[in-house]
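Have a look at the structure below, then the notes.
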There are 2 protein chains.
Amino acid sequence: MRTSKYLLSTLKETPANAEVISHQYMLRAGLVRPVASGLYTWLPTGLKVLKKVENIVREEMDKAGAIETLMPMVQPADLWEESGRWTDYGPELLRLEDRHHRPFVLGPTHEEVITKLISFELSSYKQLPLNLYQIQTKFRDEIRPRFGVMRGREFLMKDAYSFHLSQECLSNTYQDMHTAYCNIFTRLGLDFRPVIADTGSIGGDASHEFHVLADSGEDDIAFSDGSDYAANIEKAEALAPNTERGAASAELAKVETPNVHTIDEVSKFFNVAAKDVVKTLLVLGEHEEGETAPVVALVLRGDHELNEIKAEKIAGIAAPITFATDEQIKAVANCDAGSIGPVGLDIDIIVDRSAAVMSDFICGANETGYHVTGANFDRDINNYNVEDIRNVVAGDPSPCGNGNLTIKRGIEVGHIFQLGTKYAEAMKAGVLTENGKNQTLTMGCYGIGVSRIVAAAIEQNHDENGIIWPDAIAPFKVVIIPMNMHKSHRVQETAEKLYAELTAAGVEVLFDDRKERPGVMFKDMELIGIPHAIVVGERNIDNAQVEYKNRRSGEKSLIAIDEAVEFVINQ
Amino acid sequence: MRTSKYLLSTLKETPANAEVISHQYMLRAGLVRPVASGLYTWLPTGLKVLKKVENIVREEMDKAGAIETLMPMVQPADLWEESGRWTDYGPELLRLEDRHHRPFVLGPTHEEVITKLISFELSSYKQLPLNLYQIQTKFRDEIRPRFGVMRGREFLMKDAYSFHLSQECLSNTYQDMHTAYCNIFTRLGLDFRPVIADTGSIGGDASHEFHVLADSGEDDIAFSDGSDYAANIEKAEALAPNTERGAASAELAKVETPNVHTIDEVSKFFNVAAKDVVKTLLVLGEHEEGETAPVVALVLRGDHELNEIKAEKIAGIAAPITFATDEQIKAVANCDAGSIGPVGLDIDIIVDRSAAVMSDFICGANETGYHVTGANFDRDINNYNVEDIRNVVAGDPSPCGNGNLTIKRGIEVGHIFQLGTKYAEAMKAGVLTENGKNQTLTMGCYGIGVSRIVAAAIEQNHDENGIIWPDAIAPFKVVIIPMNMHKSHRVQETAEKLYAELTAAGVEVLFDDRKERPGVMFKDMELIGIPHAIVVGERNIDNAQVEYKNRRSGEKSLIAIDEAVEFVINQ
């Protein structure tokens, strides 16, 4: 491809409102352009990357025995009514009406369509297992689309759905998909981790997320340094400390603590570490609609953070977690939020495992402006349950039993679920088994955010000059940069010859034949992130050489013109 | 692919409501399934065909220098307001609102998005010409979706848009696209014709449709038997007859014609040919909204049909053509519809070229139950204009000047337009020219109905047993049909070996390893239309042979097992 016949569309300035580096570079390198909030046009360079990701995903899905289909983006509402999600799914589900006022949705996912399809197509249990996938445009009406294609509204997704007679069979396909995903992200050239995940609102029994590791990731992931264990921090268990609780040795004493509210302020006031202070949070308990909600106390070590996902799974706590208002706090603890403590609090109390081994600790006195010291469980606080309700922190023992945890940030690009019978039951998808009984199907589902991968790859692979594409998904493998071609016949001749030879050899090559200064070309090509560059200049031609530059390492070397094509092919 | 690991989904019965053969076979062969009216899931076999069509389209567009992009399906309404189509486009444009009640459309086409994009991206006239395309899902809210994917609501389309500084440059790209389209349909293996077309509501200056010829096509196409000339019948000019009008020789006479209304009835009553009778149609003339519409008479030879597209382009006639009601007829002609005639009719009269050379003809008398004979232009009818307002018929001289016309039926699968400046003007898309002036861009647009091609290919290529795919778009090149494999180790061994070897050679092969009777397998594979079949049976193995069967010709031959792979590759 010649730049003169191409739509390069690089920008010198970073457009406003582009917060993350991938969004900035995708705009500046001419990969995408916004059409409206969360809606993008993929320009030629961006689409080349997207198609490469798509093809790798397709090849590995095919290899794993999944069969490609294509379902419509517009789906009739009655399918969603049948599954129950017409009401359960939030406003991210874009609902619309056709010209006859029949209700439809723009599909954010396709469990309903595929389950209904399979319930009609299956004529024998012998056809199972089946794993069907599509690579298709989805729509999710995000309330605040952001980070470019990372969290857009219209996006490209690979979604697969498998159907089984037994959990064992599902487990096998699930494992095959796990392996296929590892193959996909390895081939994409990304540093990734499969992590144990919460099953969230899709429901089901087991789940892994696949994360591209990047400091800018939205998710925290806990890794063991002594095993393969990795889990989304939402899901990583904080083991009970293997230390026993110390005996109570101090007396309970009330201390006036004016203007002391936060854990930081408490630890400074008493000159103790945050981990020697207890933090008490009040949240709403489960209740019927219209009833007054009970309030539940959550007690954590001062240096620990509440894990809401864990907490909302505890019986008696309302999901999603809702913190008590100042009035609700006043009503049960008779104080402001900064002075709550478990001592003398006559409501349900859940104590985190790590807090439960503390003794002689400081906590709020349930009286505004006061804390107590020397507090002890069982002596001063009697009715409580111990649970895991905190986020793990670096250094925690790994829940797998081997090693300690480290925390890294990741971008979720894939998610696999064991759905069980949730959708098949709702939509009555079954098949006659060998002994003539109708059996509800067991399902798995497997997603990959194809367009999001493009952004995640940039978050992980860039420097201050632009994108550094992994070779497998680079828009072009190599760029030919001729220096002042329009003034030098020799440069032009050499560049054209290399271009013709590389093209003939099947190499994807961009030939920057613009009448631009070399500096402009270098900047553009570094921004776009083409992995390999061949610079053709007068001086090197004298020695029958061209310069090779590697985008990632920055290393330069001189290579003989006659060997340049072979050299590029071997990169 | 083994059928046992695949979703074959053939049906024995033709589903109700499938009117055309392509729709019937697409359902029966397991290519698509309806999800809702005009919305289909592409099953694995259908998707394989669709992808092959898509890839051929992509390769030829790339070869022609067009650059691929991908625009969103959901488009903001403001772009459509800017172009004027938010109000001009009918209810096929599905309008919707997002969660913030902002208006959007589901794109049936992308002139607005691409014109707005280019108006931002173009920094220099030197970047022109540019031809950008996408292969993308479109939505058109048809009032009555029918014929399966032939006229569905969600469909896959290739749409390209080119940008130029001059009409000459547009003409060059238009010609390149014409050539690319011919290459595409030739590679697809279809019998097609590019035909001169009306530009319709998209507007613009020149237009060709590409039709797949098939008896079931919705469009009539006129071909010259003496040249390359071909045009949609909407557009084909009916030349003025080269015969002079005969002199008036008969007297005008009124004849009572009770219960004679239609041309057929008139010609029977008078015992003359329909071509000797004149047909008079009354339509509404141009008028302001709210005003009473004037009525215009259209006069044709009795055996000719009105061409509404031609008629509505004549100044003074309202577009679209609206026929006068019985009351309106009564008001101007003082009779019923069956007795109108041009003699003594005091309104604007448009006479078709072929009618204008008639003399001594029969027509309505403008008195219910009466006709006149011996009518003559200029003597009996004075104020009239002569225009081409009829459809051409077989045998008409070709408007190109060479040969005569024949009429065939076609299915429109592609359409190319010279748009001119219509969208660029509305959306202020221009660029600074060499001499520093801002110049509005000139545009072309080029569509191919990718999913419709699949149906059109079937309409053209089938027999009573099912589909007969052209090799280039067949879902599989060859099927291996083992006879009673589960009872014969030798059959199984031979079939497995051939399957392994063909797969290793990169041939797309379907191995029908179901435990089915041979008859069931043959029927299914003929229905699906796989071009080549290798039948493995005990008896032929005795002679180290397998049977080859060609789907299109039905010819069978025995080939040596050792040569089977090579044989298939060479088909």
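By convention in this document, chain letters (A, B, ...) are assigned in the order of the sequence lines, proteins followed by strands, and residues within each chain are numbered from 1.
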Report which part of L11(A) has an atom under 4.5 Å of a heavy atom belonging to chain B: side chain, backbone, both, or neither.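 L11(A) has no heavy atom closer than 4.5 Å to chain B.
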Side-chain touch [X]/[Y], heavy atoms, less than 4.5 angstrom:
{"X": "K5(B)", "Y": "Q127(A)", "answer": "no"}
{"X": "E92(B)", "Y": "R99(A)", "answer": "yes"}
{"X": "L117(B)", "Y": "V35(A)", "answer": "no"}

What distance do [X] atom [atom1] and [Y] atom [atom2] have between them, rounded to the nearest 0.5 Å?
{"X": "I67(A)", "Y": "L7(B)", "atom1": "CD1", "atom2": "CG", "result": "6.0 Å"}
{"X": "D98(B)", "Y": "R95(A)", "atom1": "CG", "atom2": "CZ", "result": "13.5 Å"}
{"X": "E68(A)", "Y": "L47(B)", "atom1": "CD", "atom2": "CG", "result": "4.5 Å"}
{"X": "E97(A)", "Y": "L94(B)", "atom1": "CD", "atom2": "CG", "result": "9.5 Å"}
{"X": "T69(B)", "Y": "R33(A)", "atom1": "OG1", "atom2": "CZ", "result": "12.5 Å"}
{"X": "F139(B)", "Y": "M73(A)", "atom1": "CZ", "atom2": "CE", "result": "10.5 Å"}

Residue part contacting chain A, namely of [X], when any heavy atom lies under 4.5 Å:
{"X": "L132(B)", "result": "side chain"}
{"X": "I114(B)", "result": "neither"}
{"X": "K48(B)", "result": "neither"}
{"X": "Y6(B)", "result": "both"}
{"X": "S9(B)", "result": "both"}
{"X": "H110(B)", "result": "neither"}
{"X": "L50(B)", "result": "side chain"}
{"X": "R514(B)", "result": "neither"}

Flag if over 12 foreign heavy atoms under 6.0 Å of [atom1], [X]:
{"X": "R517(B)", "atom1": "CZ", "result": "no"}
{"X": "N55(B)", "atom1": "CG", "result": "yes"}
{"X": "K51(B)", "atom1": "NZ", "result": "yes"}

Looking at L39(A) and F104(B), what are the two nearest heavy atoms and their distance?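 Where L39(A) meets F104(B) most closely, the heavy atoms are CD1-CE2, 3.7 Å.
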Least distance between heavy atoms, P72(A) atom then Y40(B) atom: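 Result for this residue pair: CD-O, 3.4 Å.
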D78(B), I143(B), T45(B), L122(B): which one forms the most heavy-atom pairs within less than 4.5 Å of chain A?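 Most heavy-atom pairs under 4.5 Å with chain A: I143(B).
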Quick check for you: among V113(A), T137(A), L8(A), V74(A), which has the greatest number of heavy-atom pairs under 4.5 Å with chain B?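 Maximum pair count with chain B is reached by V74(A).
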Heavy-atom pairs under 4.5 Å with chain B: which of Q75(A), R153(A), K126(A) has the most?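 Option with the top pair count is R153(A).
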What verdict does the side-chain contact (heavy atoms from CB on, under 4.5 Å) test give for L70(B) and T41(A), after you've listed the backbone C-alpha separation in whole Å, the side-chain angles of each residue and the deciding distance to 0.1 Å? CA-CA 6 Å; L70(B) 182 62; T41(A) 288; over 6 Å; no
The test is side-chain contact (heavy atoms from CB on, under 4.5 Å); show your working for E154(A) and M71(B) and say whether it passes. CA-CA 10 Å; E154(A) 190 173 318; M71(B) 292 173 255; over 6 Å; no
